[in-house]
J.: 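Got a structure for you, written out below as structure tokens; questions coming shortly.
These numbers were taken from a predicted model, which means no experiment stands behind them.
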2 protein chains.
Amino acid sequence: MKNSVDIYTIAEHAGVSKSTVSRVLNNKDDVSETTREKVMEVIKNLNYKPNSSAKGLASQRTKTVGLVVSEITNSFFSMFVKGAEDKAMEENYNIMLANSNWVVEEELKCIRIFEEGRVDGILKISGGGDELLNDYLNSLANKEMPLIVVDRKMDNENIPKVNVDNIDGAYKGTKYLLGLGHKKIAFVKGDDIAASDASIDRVKGYRKALADSNIDYQVIEPGFFDREDAFTATENIIKNHPDITAIFYASDMMAVGGLKALKKAGLKVPEDISVLGFDDIELASIIDPALSTLRQPRYQMGYLGMEKLIDKLEGRPEEVYGEDVIFELELIERESTGPVKA
Amino acid sequence: MKNSVDIYTIAEHAGVSKSTVSRVLNNKDDVSETTREKVMEVIKNLNYKPNSSAKGLASQRTKTVGLVVSEITNSFFSMFVKGAEDKAMEENYNIMLANSNWVVEEELKCIRIFEEGRVDGILKISGGGDELLNDYLNSLANKEMPLIVVDRKMDNENIPKVNVDNIDGAYKGTKYLLGLGHKKIAFVKGDDIAASDASIDRVKGYRKALADSNIDYQVIEPGFFDREDAFTATENIIKNHPDITAIFYASDMMAVGGLKALKKAGLKVPEDISVLGFDDIELASIIDPALSTLRQPRYQMGYLGMEKLIDKLEGRPEEVYGEDVIFELELIERESTGPVKA
DNA sequence: CTGAAAGCGCTTACAG
DNA sequence: CTGAAAGCGCTTACAG
């Protein structure tokens with residue numbers, strides 16, 4: 001069962017000891033230039049590939065991180081993954097992928113497997129707001145396993161977070177609509193129970209902006225972050241509040257459902273009614289009319305989350321990764337919003 | 001540097017030897033029921049987690065497979081990943097993810113890392129048609145590393161493949177349009193150089209269907225599998241061939257670009273012109289009008305690819321995984337196609 | 001059904 | 001700057 005070419009083979013061919021080979025492999029600086037070159041040449045000639053299990057066992061580090069995502073099929077999430085992946089590649093870390101499909105049990109299962117020394121740390125992206133899971137994550141973080149959480153609130157100071165300011169984002173969006181002259185603005189919220197208080201915070205931002213402008217009028221319909229539910233929510237809104245001139249959706253996907261309902265009702269966007277989304281998913285710029293929205297820098301968030309994790313794993317000072325980072329949402333104006341009708 | 005609780009700790013507490021602990025851990029059948037229970041209990045009590053590096057080193061197997069994808073952000077590809085992931089989970093295999101971003105060098109880099117004993121086998125999804133890469137894959141397959149290729153042609157009998165019958169799919173689509181009474185059908189092809197001969201084969205299918213129906217009329221425009229290029233291609237088609245009544249796009253994403261061009265030109269779909277896509281990406285059913293298309297069973301393809309790989313890794317008989325599997329495309333009728341105008 | 005022993009391929013103090 | 005030796009935490013014939 002012996003591997004054909006291992007570190008010992010290299011040592012023999014180069015006329016040195018295994019220790020020395022290991023040193024050049026790991027770029028230790030206390031090796032003479034001539035030995036290093038000699039060893040490198042043998043490595044190249046014999047096409048030697050270090051065995052990562054052996055390395056992992058001996059060094060107690062695997063140079064791989066675990067990535068937990070709720071749903072990789074959704075480009076909203078895969079954009080985080082891509083950012084994280086790119087950073088990992090840069091730093092020569094590998095990624096172990098776990099797709100939880102929104103199922104808490106699966107998420108736990110994945111994390112447990114990660115704990116089997118397969119992984120030096122874990123990057124968790126979004127995910128449900130389950131209590132059981134939270135407890136587990138907390139216990140993890142307080143123990144030995146480095147953990148970073150992206151796109152999600154967590155009440156644990158030991159877990160560095162990368163997130164977005166949802167209150168401010170919704171505030172900004174509402175203010176923008178107000179600035180366009182809209183006075184009757186409906187809000188289609190997501191799912192109150194869902195992850196990261198995203199929907200709750202967005203509702204807060206909407207309300208705050210209205211209050212700051214002394215506007216009493218407010219209509220909030222639940223769309224559950226679902227396209228079809230948002231379709232229904234939109235039908236309800238235009239039926240019950242025909243005087244409304246703008247609808248702000250807590251996600252682009254819901255806005256897309258809304259657009260369809262509006263079209264069905266014969267309402268033109270943005271001439272008759274303005275539509276504002278949230279997230280800036282790829283679809284937002286593809287759909288017709290292109291959606292105005294609040295952009296969430298998902299690639300950067302994933303990238304930064306991975307950067308923090310690796311900083312931690314590499315033992316860099318806590319100042320560089322310990323602080324939470326909260327990104328702002330950027331307003332993207334496209335075709336679905338316009339000034340209120342005179 | 002010793003781990004607090006290892007197999008030896010368990011052995012001590014249970015009053016047995018490490019060998020026995022290892023046996024129950026690996027579900028060997030030659031352990032008495034009483035010892036097994038005793039050991040299991042200790043394992044549970046001490047919350048023991050086996051160290052996968054040690055396991056990997058000793059057993060020469062990591063129970064993880066490498067997944068190479070071109071672009072995880074694209075839901076077309078992530079659907080394969082999800083299928084593969086689900087199957088891996090079922091079989092208790094882990095997934096190491098590598099996103100090549102379409103860059104051949106990165107793809108090679110990923111595969112090389114996988115070779116460092118991190119991975120028992122590789123599942124390659126789509127990807128470019130580079131010669132260098134092909135050679136490398138061939139050399140891999142002929143050596144020790146199990147490899148399965150999904151959504152891609154490869155001239156190597158030692159590499160089991162899971163693919164789709166593109167010629168037949170395009171044939172079917174064209175026949176469908178013909179059946180609707182269309183006689184002047186344009187085809188927007190993809191990228192001749194791209195992976196898997198997908199575009200080339202689809203063009204073949206289109207031509208074959210026309211030939212079988214004794215129709216000489218044929219118009220082929222390149223759209224490079226790109227939305228914007230397809231937009232331009234569509235403008236060219238309607239300008240140069242105003243008598244055309246249907247356009248068949250080699251991908252849904254191109255069809256979406258086409259829809260936009262058609263709308264801009266004031267043409268109604270499907271009243272004035274029918275539009276048929278290829279792939280059945282999520283967007284196809286979201287867009288308005290919903291796209292008729294040929295469905296590629298990506299989830300199943302990913303799932304089956306992983307199944308084959310694991311069958312191979314588990315040493316199951318070659319009959320169960322050695323054969324290539326070619327799926328048919330399924331015609332999905334939605335709103336963008338209709339009978340030709342009288 | 002169970003244990004002792006060798007070994008998987010590396011890293012890492014320690015000594016020189 | 002380099003080598004010998006111990007050790008990382010498992011698995012796996014081998015023997016009984």
Side-chain angles (χ1 to χ4, degrees), chain A residues 1-40 42-43 46-64 113 115-120 144 315, chain B residues 1-40 42-43 46-64 113 115-120 144 315:
Chain A
M1 263 302 196
K2 275 188 74 73
N3 191 336
S4 44
V5 33
D6 60 8
I7 204 178
Y8 182 72
T9 321
I10 305 296
E12 267 188 323
H13 283 250
V16 296
S17 71
K18 292 191 306 174
S19 319
T20 300
V21 176
S22 176
R23 283 189 193 98
V24 349
L25 243 21
N26 292 292
N27 272 307
K28 306 278 183 192
D29 47 355
D30 49 353
V31 184
S32 80
E33 202 42 49
T34 56
T35 359
R36 159 162 281 131
E37 278 167 12
K38 193 169 47 182
V39 172
M40 290 297 263
V42 178
I43 287 177
L46 269 49
N47 190 28
Y48 165 73
K49 303 248 166 60
N51 177 308
S52 59
S53 288
K55 199 164 180 166
L57 179 58
S59 67
Q60 304 284 29
R61 300 190 49 201
T62 60
K63 273 272 200 176
T64 109
I113 293 172
E115 282 190 85
E116 299 180 0
R118 284 183 185 284
V119 133
D120 297 335
E144 66 297 337
Chain B
M1 266 302 198
K2 274 188 75 73
N3 190 334
S4 43
V5 33
D6 60 9
I7 204 178
Y8 183 71
T9 321
I10 304 295
E12 267 188 324
H13 283 249
V16 297
S17 72
K18 293 190 307 174
S19 319
T20 300
V21 176
S22 176
R23 282 189 193 99
V24 347
L25 243 21
N26 292 290
N27 272 307
K28 305 278 183 192
D29 47 356
D30 48 356
V31 184
S32 80
E33 203 41 49
T34 56
T35 7
R36 157 162 283 131
E37 279 166 9
K38 194 170 47 184
V39 173
M40 290 298 262
V42 178
I43 287 177
L46 270 50
N47 191 26
Y48 166 72
K49 304 251 166 60
N51 177 305
S52 60
S53 288
K55 200 165 179 166
L57 179 57
S59 67
Q60 305 284 28
R61 301 189 48 201
T62 59
K63 274 273 198 176
T64 109
I113 293 172
E115 281 190 86
E116 298 180 0
R118 282 183 187 282
V119 132
D120 296 335
E144 66 297 336

J.: Hey, does the side chain of B/Gln60 come within less than 4.0 Å of C/dG7's phosphate (OP1/OP2), counting only N and O?
T.: no

J.: List DNA chain C stems (3 or more consecutive Watson-Crick/G-U pairs, under 3.5 Å)?
T.: C:1-3 with D:14-16, C:5-12 with D:5-12, C:14-16 with D:1-3

J.: Could you tell me which residues satisfy side-chain hydrogen bond (donor to acceptor under 3.5 Å, both in side chains) with B/Thr64, sequence neighbours excluded, listed by chain and number?
T.: none

J.: Can you tell me the distance, in whole Å, between the CZ atom of A/Arg36 and the C1' atom of D/dC1?
T.: 11 Å

J.: If only atom types and distance count, is the side chain of A/Asn26 paired as donor or acceptor with the main-chain N or O of A/Lys28 below 3.5 Å?
T.: no

J.: Return a single string for nucleotides 11-16 of chain C, one symbol per nucleotide in 5' to 3' order, where B is base contact, S is sugar-phosphate-only contact and - is none, cutoff 4.0 angstrom on heavy atoms.
T.: BBB---

J.: When you measure from the side-chain N and O atoms of A/Thr20 to the phosphate of D/dG3, is any distance below 4.0 Å, counting only OP1 and OP2?
T.: yes

J.: How close do A/Leu25 and A/Tyr48 get, counting heavy atoms only, and between which atoms?
T.: CD2-CE2, 3.7 Å

J.: List for me each residue that meets salt bridge (Lys or Arg N to Asp or Glu O under 4.0 Å) alongside B/Lys63, sequence neighbours excluded, and say none if there are none.
T.: B/Glu314

J.: Measure the distance from CD on A/Glu33 to C1' on D/dT2 and round it to the nearest whole Å.
T.: 15 Å

J.: Could you tell me how far apart B/Asn51 (CG) and C/dC10 (C1') are, to the nearest whole angstrom?
T.: 13 Å

J.: Starting at atom OH of B/Tyr8, determine the distance to atom P of C/dA4, rounded to an integer number of angstrom.
T.: 9 Å

J.: Examine distances only and state if a side-chain atom of A/Thr62 and a backbone atom of A/Arg118 form a donor-acceptor pair shorter than 3.5 Å.
T.: yes

J.: With a 4.0 Å limit, can you tell me whether B/Ser53 has a side-chain N or O closer than that to the phosphate oxygens OP1/OP2 of D/dC10?
T.: no

J.: Counting side-chain heavy atoms from CB outward, which of D/dG3, D/dC1, C/dT2 is closest to A/Ser32?
T.: D/dC1

J.: Using the side-chain hydrogen bond (donor to acceptor under 3.5 Å, both in side chains) criterion, which residues pair with A/Ser17? Sequence neighbours excluded.
T.: A/Thr20

J.: Decide yes or no for A/Glu37 and A/Val24: does some side-chain heavy atom of the first lie under 4.5 Å from some side-chain heavy atom of the second?
T.: no

J.: Rounded to whole angstroms, how far apart are CZ on A/Arg61 and P on C/dC10?
T.: 18 Å

J.: For B/Ala11, what residues pass the side chain to side chain contact (heavy atoms under 4.5 Å, CB included) criterion, not counting sequence neighbours?
T.: B/Lys18, B/Val21

J.: Let me see the working for A/Asp6 and A/Thr9 under side chain to side chain contact (heavy atoms under 4.5 Å, CB included), right down to the final yes or no.
T.: CA-CA 5 Å; A/Asp6 60 8; A/Thr9 321; 2.8 Å; yes

